[in-house]
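These notes concern the structure reproduced below.
Here is how names work: the chains are called A, B, and so on, in the same order as the sequence lines, proteins then strands, and each is numbered from 1. Predicted, not measured: the structure shown is a model, and the values here were computed from it.
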Amino acid sequence: MALTSQLRAALVHIHAGSSAAGLRSASSSSPQQQNPALIESTEEFVFVERLIAPSRIPDPPKHAGPAPSGWTPPAETPPPLPYMIRRSRMHNIPVYTDLTHGNRKMTLVRKVEGDIWALEKDVKQFLQELTGKDMPTQVNEVTMTLKIKGHFDQELKSWLSSKGF
Amino acid sequence: MFRFSVAVFGRGVAKRFSSSFPAEGALPPNLQLPANLVDPSRLKRPPPPADCPLPLLRRCEAVVPAHLSPMQTWVESLQMEDGEPLGRAELHPDVFGVSPRIDILHDVEKWQRNYKRISYAHTKVRSEVRGGGKKPWRQKGSGRARHGSIRSPLWRGGGVSHGPRGPTSYYYMLPMKVRVQGLKVALSFKMAQDYLHVVDSLHIPTPDSQYLLDLIRRRHWGESVLIVDVAEEFPENILQAASDLKKVNLIPAIGLNVHSMLKHEAVVLTLETLKFLEDKLLWHDQRYTPLYPFKLPYRDFP
């Protein structure tokens, strides 16, 4: 919790001891000199800090197998394949659908590392077994993404999670 | 006349012809080598081997993905001109080993040049030029071409029809993640091209500029060096030494940018700078989209 000390000092909660003068403005001189019954304490600041938003996405809790929502965690060790597909920042498989021109359906696989052509070969073979047709694919080696004609996101997601990505 | 000119030019040709046979092994005096010629003596610095006896001075604090392993590099010292490396340091592969995207580098460099640019070029349009409200001569019968005002763009001294209009701003912002990725790509390029050096601290024995130049020349770091440290205050000696030098520059770690990294050949980081850069740059890989601007306090801002 790296909040600045200035913020803490600005929001310091001043206890009123026995006196009734609880609300004092921050610009007044230090209460210690005026009224020795007032105590400055910063322990209650924890309750304010709890309300401040976190900035980092937390790691998902440990699940043995798929979660009730259908989410599967990645394998403990990465699978021994020449390519690797990382999870997105929300810990999901990076397969997305796209629809342009009102009727052009595409599936996009992002965040590929390693030998993307081996992944393309495996994806083509998987889709050949699935549909019986040879689906056109486009490999972008600069951005390391794979585009496939047609909507195959659910099938590809389950296939990739079964591989352990 | 022709024979005379041949004789005159023949003497000059013979002189030039004889000068193209230099002494055995000597370079001709008018040879100009390009400045970016790779110096073979630079290439003899392999990365630390796995069984290196030197201690590992810095481990990666952040979690390294399971399919990648941290990269290792030498940690040197600036105390002696030709000292041996003190140890090794680990570098996170997601900051110093990302894929080489020169298109992102180009975008970020172009943005850095242009977002500050305001072009002040301004020309007056025909309505802004002084005068020209009256029709110069009658429409018909004078024999001259028909005109409505003496300041139309056809006229000498008239307004410019499609010229630059007023101060124009070329401000635009690239997405934050693209700029962050640009920094990571630049650091990865420097690492891959062996231009990144890690130093334990920036203390040097003398405030002499020649000491720095000799050190850089001895270690074959390159023509220009960018020295980065986390703290805003640098040690006195290196401040004084680098103040007179044009090609050796010091910046704080928050001032690290793609343009400076591309402008200087070598980049020197300290161990604290490595930690700072890894914290700041890796946070962007696992952060939420901002609920409110990041200037306001968050619970676990890096």
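Arg56(A) contributes a side-chain N or O that, together with a main-chain N or O of Asp300(B), makes up a donor-acceptor pair within less than 3.5 Å. Within the 3.5 Å criterion, the main-chain N or O of Ala53(A) finds no donor-acceptor partner in the side chain of Arg299(B).
Other residues, nucleotides and ligands contribute only 12 or fewer heavy atoms inside 6.0 Å of the NZ atom of Lys149(A). Other residues, nucleotides and ligands contribute only 12 or fewer heavy atoms inside 6.0 Å of the NZ atom of Lys263(B). Within a 6.0 Å radius of CD in Glu236(B), no more than 12 heavy atoms belonging to other residues, nucleotides or ligands are found. The environment of NZ in Lys111(A) is crowded: more than 12 heavy-atom neighbours from other residues, nucleotides or ligands sit within 6.0 Å.
In this structure the side chain of Thr143(A) reaches within 4.5 angstrom of the side chain of Arg101(B), judged on heavy atoms. Between Arg86(A) and Pro65(B), the closest side-chain pair of non-hydrogen atoms falls below 4.5 Å.
Scanning residues 173-183 of chain B against chain A with a 4.5 Å non-hydrogen threshold yields Lys177(B), sorted by number. Of all residues in residues 283-296 of chain B, those placing a non-hydrogen atom less than 4.5 angstrom from a non-hydrogen atom of chain A are Trp283(B), His284(B), Asp285(B), Gln286(B), Arg287(B), Tyr288(B), Leu291(B), Tyr292(B).
Applying the ring-ring contact (aromatic ring centres under 6.0 Å, His included) rule to Phe47(A) yields no partners; only residues at least two apart in sequence or on another chain are considered. For Phe126(A), the ring-ring contact (aromatic ring centres under 6.0 Å, His included) partners two or more places apart in sequence, or in a different chain, are Trp159(A).
In this structure, chain B has no heavy atom under 4.5 Å from any part of Met144(A). Heavy atoms of Ile102(B) lying under 4.5 Å from chain A are absent altogether.
Rounding to the nearest 0.5 Å gives a distance of 3.5 Å between NE2 of His67(B) and CD of Glu113(A).
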